[in-house]
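Presented below is the structure to which this report refers.
We use all heavy atoms of the structure for the numbers below, so side chains are in, but hydrogens, waters and symmetry mates are not. Chain letters run A, B, ... following the sequence lines, proteins first, then strands; residues in each count from 1.
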Amino acid sequence: MKMLPATMRFCIYLFLLPFFCCFFSCVNLKTVSDFSATSLVSVNNFEQIDYTFSDHCIDRCEDEAIKKFEFQRALACSCDLYLAADSVTQVMFQAIGGYFHGLGSLAQNELTTYTTDAVVNSLTAAELGPLRIDENLAGAYAAVSNVMLRATTDLYRRRKIAAYIGEANEPMQVLLSSWQVIIRTNLKGELRFKKERLYAYYMDMKMNSTLQSDYEKGSAAGDYYRALREIQRQEKQMDLFAEGLGEIAKGHQVLYENRNKLSVKNLAVTMLGYSGQVKILVSEFNKLNQ
Amino acid sequence: MANLTSEQANRLSDDFFYLSMAIADFRYAHWESLTLEENKELSEMQGALLRCGEDILAFSTTLVMDEAAESLSKISSITEEIRGSVKTLSAIQKGLNTAAAFLILGVAIVKRDPMAIGNSIKDLFMTWKGNPE
């Protein structure tokens, strides 16, 4: 078979290399990158939950002062225990958010998209003196070296990502599950006490026959149900957030189980399911804040 | 004596909650037959039980932290490693830019142009140090 001219062969390699590169790296890393980004959005919603342990402590303090018809120049509440509980949720938020932020940064393709313009420009500079390199040739070599560099670094990234997911899965499952319990059982549990205190306040008012006119009674009942609805909205926020954490945990488990075959196309499809579920929960959560 | 776990603490908090609820239901069911004093005492007990249950829930959160301490430390160290890898990959671009700056410096040296050499060294320094990660 007649050999192709060197320039043409070079052009064919140049044409094919990006395909090989993308085939072996971009698609797989995109799965991890997309999942990390979606997980991070969901984790960041923690800051949108408009209730903390400290808020609960202050609310309780105010409710008790209101019940006793007590006035203080500045409400003095002892909330150390609740501040400690908030610091725990903050640590969880920072640790889990930090991990997904790092994983997402490592998996995003922009990280290894290098520009060789500076090198090409300096190679083809007119001031180079006796050494003259053709501009087109320099550009072509730079493009090839860029693709090779990308392929090498993507291979490095894929290996590293697989190792990190492997190491992180067990502690991540523990942390995500612990955070889920804190939000769904502990923080939401505080709201259950708030509801009970609210119920007792209005029931005492009713039983004591404090309210006389129908208007006063109607207003009190309206106030009660409005306050109850607000608490229920916060409970729903917490449920959706906690459910999101559960989906993230499941998605990470799937990544872990397939960490050595990240190139399998089915994995991308499976992960889309988890990312999609997290996105739905994020969207529902955001609707509650509107 | 074994330490209290977060799960046990949550169950205790539940007990306090349901006890407080039962007292409330009892008060409202026997409102007419209770004396003012009895009603006040029960109301205070109801409030105290609620407070205890809430405090236990907050305390239980700190117990979760103790239980997850090892996992937290592992994730923090893995995150640090990931950041290191990201930094390594970002540094490649810096290397490419530095190589270009070196080439320009080389040209200036070949041409024996003191001003260009001075500028190139400045550019090289800026490329290397100017945009820290």
Examine whether an atom of B:A24 lies under 4.5 Å from a heavy atom of chain A, and if so say whether it belongs to the side chain, the backbone or both; otherwise answer neither. side chain
For A:Y164 against B:I82, the heavy-atom pair lying closest together: CD1-CG1, 3.4 Å
Side chain, backbone, both or neither: which part of A:D86 has a heavy atom under 4.5 Å from chain B? neither
Interface check, chain B: of A:M92, A:H56, A:Q94, most non-hydrogen pairs under 4.5 Å belong to A:H56
Under 4.5 Å to a heavy atom of chain B? For A:I182 that would be side chain
Which answer fits A:K206, side chain, backbone, both or neither, if we ask what part of it has an atom under 4.5 Å from a heavy atom of chain B? neither
Full working for salt bridge (Lys or Arg N to Asp or Glu O under 4.0 Å) between A:R192 and B:E54: CA-CA 9 Å; A:R192 187 171 63 155; B:E54 287 165 310; over 6 Å; no
Can you say whether A:L187 sits under 4.5 Å from chain B via the side chain, the backbone, both, or neither, judging by heavy atoms? neither
I need the minimum non-hydrogen distance between B:V86 and A:G102, along with the two atoms involved. CG2-O, 4.1 Å
Kindly indicate whether the side chain of B:Y28, heavy atoms from C-beta on, has any atom under 4.5 Å from the side chain of A:Y199. yes
Would you mind checking which part of B:S13 comes under 4.5 Å of any heavy atom in chain A, side chain (CB onward), backbone (N, CA, C, O), both or neither? both
Does a side-chain heavy-atom distance below 4.5 Å link B:D55 with A:R60? yes
Between A:N186 and B:T61: side-chain donor-acceptor atoms closer than 3.5 Å: yes
So do the side chains of A:D204 and B:S43 get within less than 4.5 Å of each other, counting heavy atoms only? yes
